[in-house]
Amino acid sequence: MTALLEIRDLHAYYDKSHVLHGVNMAINEGEIVSLLGRNGAGRSTTLKAVMGQVSATGSIRFRGEELLGLKAFQIAHKGIGYVAESRDVFPGLTVEQNLILGEKRGRKSRWSLKDMYRMFPLLEERRNTAADVLSGGEQQMLALCRTLMGDPDLIMIDEPTEGLAPNVVGMVAAYLNVLKDKGISILLIEQKLSIALEVSQRLYVLGHGAVVFEGTPQNLRDEARIRREWLEV
């Protein structure tokens with residue numbers, strides 16, 4: 001099977017700081033893969049490297065096409081959506097304007113405004129509200145849905161449940177399962193191990209900028225040493 005996204009020998013840098021040291025990983029069609037590790041392990045840098053936002057060497061191929069050297073907007077047009085940890089909603093625009101800006105241009109999308117409001121009814125209630133007055137949970141819902149409106153085949157999501165109330169965390173987990181059922185591939189960074197184990201088919205653990213574990217959720221449950229050494233505080 002040819003992977004949808006294939007990363008080989010990826011090194012990434014912030015100026016003179018060498019952050020990723022030969023990362024190898026792959027995501028297949030319709031698969032949720034979680035990228036785990038402690039803060040500073042290189043998880044967010046991996047996603048930024050895929051989106052062309054940091055200096056990198058190696059190979060990042062999407063549907064067999066090399067992405068390294070492309071600009072972020074070109075990578076997005078290939079079919080990759082990215083929800084950054086900072087959410088990055090357009091603060092002066094309403095919820096609905098944010099969603100419309102995310103729409104895919106040039107072909108019919110699998111997703112509509114009605115779909116977004118069905119997944120997160122609270123967004124419909126806030127559709128005429130400026131994004132900068134939304135709560136953190138509402139902004140996260142908006143960021144997830146705005147990315148989905150672009151109709152990507154792969155969505156990379158960085159810490160979607162960070163700082164959210166338990167009821168919103170449950171809604172985000174349900175959102176991930178909806179995407180999985182629709183056949184959308186997801187590369188997920190998630191600090192809550194229970195959620196990553198629940199929604200993922202496979203997981204990678206990063207330590208000091210390199211992959212130290214790859215396997216299924218059950219494999220990780222069975223690896224107490226890996227959890228203790230690279231995940232637990």
Side-chain angles (χ1 to χ4, degrees), residues 2-29 31-88 140 143-144 147 150 152-163 176 184-193 195-196 200-215 220 226-227 229-233:
T2 301
L4 178 66
L5 180 74
E6 186 173 22
I7 297 171
R8 289 288 174 262
D9 194 29
L10 181 63
H11 294 253
Y13 308 82
Y14 294 106
D15 294 324
K16 295 182 179 180
S17 180
H18 190 173
V19 179
L20 299 182
H21 301 268
V23 169
N24 294 286
M25 59 187 302
I27 295 91
N28 299 314
E29 296 268 7
E31 186 178 41
I32 298 182
V33 174
S34 284
L35 186 57
L36 308 177
R38 294 196 181 102
N39 290 338
R43 298 168 303 157
S44 294
T45 301
T46 301
L47 270 57
K48 290 176 181 177
V50 173
M51 289 306 298
Q53 296 182 345
V54 297
S55 176
T57 63
S59 177
I60 303 172
R61 301 185 74 85
F62 183 67
R63 297 195 183 282
E65 184 177 352
E66 183 61 55
L67 299 182
L68 278 186
L70 299 182
K71 297 184 183 301
F73 76 89
Q74 295 172 315
I75 294 168
H77 288 167
K78 300 291 183 185
I80 299 179
Y82 175 43
V83 184
E85 187 177 7
S86 54
R87 296 161 189 162
D88 296 337
Q140 186 62 276
L144 291 166
T147 299
D153 296 315
L154 168 68
I155 298 182
M156 304 189 301
I157 310 175
D158 195 345
E159 296 281 17
T161 66
E162 179 67 24
L176 296 174
I184 294 176
S185 302
I186 301 172
L187 177 55
L188 174 69
I189 294 176
E190 178 51 64
Q191 196 66 34
K192 293 180 176 63
L193 183 59
I195 291 178
S200 304
Q201 282 78 60
R202 291 187 301 113
L203 312 103
Y204 291 88
V205 178
L206 287 186
H208 305 311
V211 173
V212 295
F213 171 86
E214 173 191 355
L220 187 56
I226 292 292
R227 297 197 311 275
E229 186 171 350
W230 299 106
L231 296 175
E232 295 171 359
V233 177

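Heads up: numbering here begins at 1 and tracks the sequence.
Closest of all the heavy-atom pairs between Thr46 and Leu206 is OG1-CD1, 3.7 Å. Contact record, Ser44 with Asp158: OG-OD2, 2.6 Å, taken as the closest heavy-atom pair. The two residues Leu36 and Leu193 make their nearest non-hydrogen contact at CD1-CD1, 3.7 Å. Heavy-atom minimum distance, Ile80 versus Pro152: C-CB, 4.1 Å. Closest heavy-atom contact between Pro160 and Ile157: CB-CG2, 3.6 Å. Across all non-hydrogen atoms, the minimal contact from Asn28 to Ser185 is O-OG, 2.9 Å.
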task: Start with the C-alpha gap between Glu66 and Ile60, add the side-chain angles, then the distance that decides, and say whether side chain to side chain contact (heavy atoms under 4.5 Å, CB included) holds.
output: CA-CA 6 Å; Glu66 183 61 55; Ile60 303 172; 4.3 Å; yes
task: Carefully, step by step, assess Leu70 and Lys78 under the rule side chain to side chain contact (heavy atoms under 4.5 Å, CB included).
output: CA-CA 10 Å; Leu70 299 182; Lys78 300 291 183 185; 4.0 Å; yes
field: Asn24/Val211 under side chain to side chain contact (heavy atoms under 4.5 Å, CB included): CA gap, chis, key distance, verdict
entry: CA-CA 7 Å; Asn24 294 286; Val211 173; 5.7 Å; no
- request: Evaluate the side chain to side chain contact (heavy atoms under 4.5 Å, CB included) criterion for residues Gln191 and Asn39: first the C-alpha distance (whole Å), next the side-chain angles of each, then the deciding distance (0.1 Å), finally the verdict.
  value: CA-CA 9 Å; Gln191 196 66 34; Asn39 290 338; 4.1 Å; yes
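Distance check: Ile27 CD1 to Arg202 CZ gives 7.0 Å after rounding to the nearest 0.5 Å. Distance check: Ile184 CD1 to Ile155 CD1 gives 5.0 Å after rounding to the nearest 0.5 Å. To the nearest 0.5 Å, atoms OG1 (Thr45) and NE2 (His11) are separated by 14.0 Å. Atom CD in Gln140 sits 4.5 Å away from atom CZ in Arg87 (nearest 0.5 Å). Here CE of Met25 is found 5.0 Å from CG of Leu187. Values are rounded to the nearest 0.5 Å. The CD1 atom of Ile186 lies 12.5 Å from the CG atom of Asp153; values are rounded to the nearest 0.5 Å.
Under the 4.5 Å side-chain criterion, counting only non-hydrogen atoms from C-beta, Trp230 is in contact with His208. Between Arg63 and Leu4, some side-chain heavy-atom pair lies under the 4.5 Å cut-off.
No salt bridge links Glu85 with Lys48; every basic N to acidic carboxylate O contact stays at or beyond 4.0 Å.
Qualifying salt bridge (charged side-chain N to carboxylate O under 4.0 Å, His left out) partners for Arg38, counting only residues two or more places apart in sequence or in other chains: none. The salt bridge (charged side-chain N to carboxylate O under 4.0 Å, His left out) test applied to Glu162 returns no partner, not counting sequence neighbours.
Between Leu35 and the options Glu190, Arg43, Met156, a side chain to side chain contact (heavy atoms under 4.5 Å, CB included) holds for only Arg43.
The closest donor-acceptor contact from the side chain of Tyr204 to the backbone of Ala26 lies under 3.5 Å.
Shown here is His18, whose NE2 atom has more than 12 heavy atoms of other residues, nucleotides or ligands within 6.0 Å.
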